[in-house]
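Just so we're clear, the structure is a prediction, and the values are computed from it rather than from any experiment.
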Amino acid sequence: GKIIIFPVANPLAYNVKERTSRIDRKDMNRCWPGKENGVITEKMCYSIFQILNRCGCVLDLHNGNDNILDTPQARLYEGRYADVRDLVEHLDVPFILLRKEPLENTLVGSLLDKNIKAITVELGEGKRITYDYINKGLKIIESFLRYTGNLSKPRIFESIPIDDDKMRLVTAENSGLFIPNIQQLGEKTDYLGNLITFPDFSEKRIRTPTKGHILSLWVGGVIARGELLARITKD
């Protein structure tokens, strides 16, 4: 087999540590399969897609959003889950999030429309790369290469499928300094961390009504009221 790697598929956005290009303000993952005569992000998508269109299987590895740390999680429209179920079983990812509605013009959706097995995996934090999440990413890549037959024999892994309606979004009730429970990211708990509010400097433990797996967590620091603290399952 042949392995094709794009270490940074969107350098225009990556180099300024933003999701969109400052040249055309386009989000690359809403521009697939691209346009030959479009703006620069659409042209980049078009050029890359001509290569990916000849592949048998594609892994789309993303880092997370700003100030949010994601435990490894595959994301997919539930209507396409059956198309990649065997891939998911061989991917070293603990969770798969299934959206009720498809997103428009994503890379994975465009590839699946061409009957090319593809999946998106989110992990880590936006704008920052750590050795811990590099190592986790490499394990995911290794399992993917085993599945494709490019690296030794495939292994079976168990992922927990999670529908949209089984997710709880927790926002900050007050502004303050948030100290996250990073140690239990990905684990089942009801404890998200502590919030120190200003100006009285009172400290409160932030808990959810029931235990669930923390999929995404604010990395810590000053947070404003209403901002996202965590995504946690409603187990």
Side-chain angles (χ1 to χ4, degrees), residues 1-15 19-21 24 26-64 70 72-99 101-124 129 133-159 161:
K2 183 177 182 180
I3 301 168
I4 301 171
I5 300 173
F6 293 88
V8 178
N10 190 1
L12 296 179
Y14 179 83
N15 288 341
R19 184 183 179 99
T20 60
S21 163
D24 55 25
K26 288 286 188 179
D27 178 348
M28 176 174 262
N29 205 31
R30 300 296 183 271
C31 291
W32 300 94
K35 296 179 181 178
E36 187 174 10
N37 298 312
V39 296
I40 189 166
T41 300
E42 294 169 332
K43 288 181 177 179
M44 286 164 42
C45 289
Y46 178 84
S47 298
I48 294 172
F49 201 78
Q50 302 315 298
I51 298 170
L52 298 183
N53 199 28
R54 301 195 297 270
C55 294
C57 203
V58 175
L59 174 64
D60 183 24
L61 198 61
H62 292 184
N63 61 343
D70 287 326
Q73 51 197 263
R75 295 184 182 178
L76 187 70
Y77 167 47
E78 66 176 2
R80 308 305 294 261
Y81 186 31
D83 298 336
V84 294
R85 187 181 295 273
D86 56 337
L87 169 57
V88 171
E89 290 175 351
H90 292 87
L91 205 60
D92 188 7
V93 177
F95 305 99
I96 176 165
L97 274 60
L98 301 174
R99 297 188 301 269
E101 300 294 333
L103 298 175
E104 296 294 328
N105 301 113
T106 64
L107 173 58
V108 166
S110 299
L111 289 168
L112 290 174
D113 288 342
K114 296 283 187 178
N115 295 317
I116 298 171
K117 288 189 183 297
I119 197 161
T120 296
V121 174
E122 303 268 356
L123 78 162
I129 298 175
Y133 277 88
I134 288 174
N135 290 332
K136 289 184 178 181
L138 288 173
K139 288 181 180 179
I140 293 168
I141 293 170
E142 177 187 342
S143 65
F144 176 77
L145 294 179
R146 286 177 179 273
Y147 169 77
T148 60
N150 291 103
L151 182 67
S152 189
K153 295 180 180 179
R155 293 173 52 195
I156 297 292
F157 298 91
E158 185 175 347
S159 298

Are L111 and W32 side-chain neighbours, meaning at least one heavy-atom pair lies under 4.5 Å?
no
State whether R146 and E142 are salt-bridged, where the test is any N-O pair (Lys NZ or Arg NE/NH1/NH2 against Asp/Glu carboxylate O) under 4.0 Å.
yes
At their closest point, which heavy atom of S110 faces which heavy atom of P33, and how far apart are they?
OG-N, 3.7 Å
Just by distance, do the side chain of T148 and the backbone of L145 share a donor-acceptor pair under 3.5 Å?
yes
Which of these passes side chain to side chain contact (heavy atoms under 4.5 Å, CB included) with L76: T106, T120, V108, V121?
V108
State, to 0.1 Å, how close K117 and D86 come at their nearest heavy-atom pair, and which atoms those are.
NZ-OD1, 3.3 Å
Would you confirm whether S159, through its side chain, and V93, through its main-chain N or O, come within 3.5 Å as a donor-acceptor pair?
yes
First locate atom CG of L107, then atom CG of L112, and finally report the distance between them rounded to the nearest 0.5 Å.
9.0 Å
About how many Å separate CD of E78 and CZ of R99, when rounded to the nearest 0.5 Å?
10.0 Å
How many angstroms lie between SG in C31 and CG in N10, if you round to the nearest 0.5 Å?
9.0 Å
Distance in Å, E42 CD paired with E36 CD, rounded so as to fall on 0.5 Å steps
12.5 Å
Looking at N63 and E122, what are the two nearest heavy atoms and their distance?
O-OE1, 3.2 Å
Answer yes or no: does atom OH of Y14 have more than 12 heavy-atom neighbours from other residues, nucleotides or ligands under 6.0 Å?
no
Distance-only, no hydrogens or angles: does the D92 side chain make a donor-acceptor pair with backbone N or O of I140 under 3.5 Å?
no
Answer yes or no on whether K136 is positioned over the face of Y133, meaning its NZ or CZ is under 6.0 Å from the six-membered ring centre and within 45° of the axis.
yes
Salt bridge present between D70 and R75 (N-O < 4.0 angstrom):
yes
Taking all non-hydrogen atoms of both residues into account, name the closest pair between F157 and L91 and its distance.
CB-O, 3.5 Å
Is there side-chain contact between P11 and M44, with at least one heavy-atom pair below 4.5 Å?
yes
How long is the straight-line distance from OH of Y147 back to CG of L59, given to the nearest 0.5 Å?
12.0 Å
Are the side chains of I4 and R54 in contact, using a 4.5 Å heavy-atom criterion?
no
Can you give me the closest heavy-atom contact between M28 and T41, atom names plus distance?
CA-CG2, 3.8 Å
Hey, what do you get for CD1 (I141) to CD1 (I3), rounding to the nearest 0.5 Å?
10.0 Å
Between C57 and L87, which heavy-atom pair has the shortest distance, and what is it?
SG-CD2, 4.2 Å
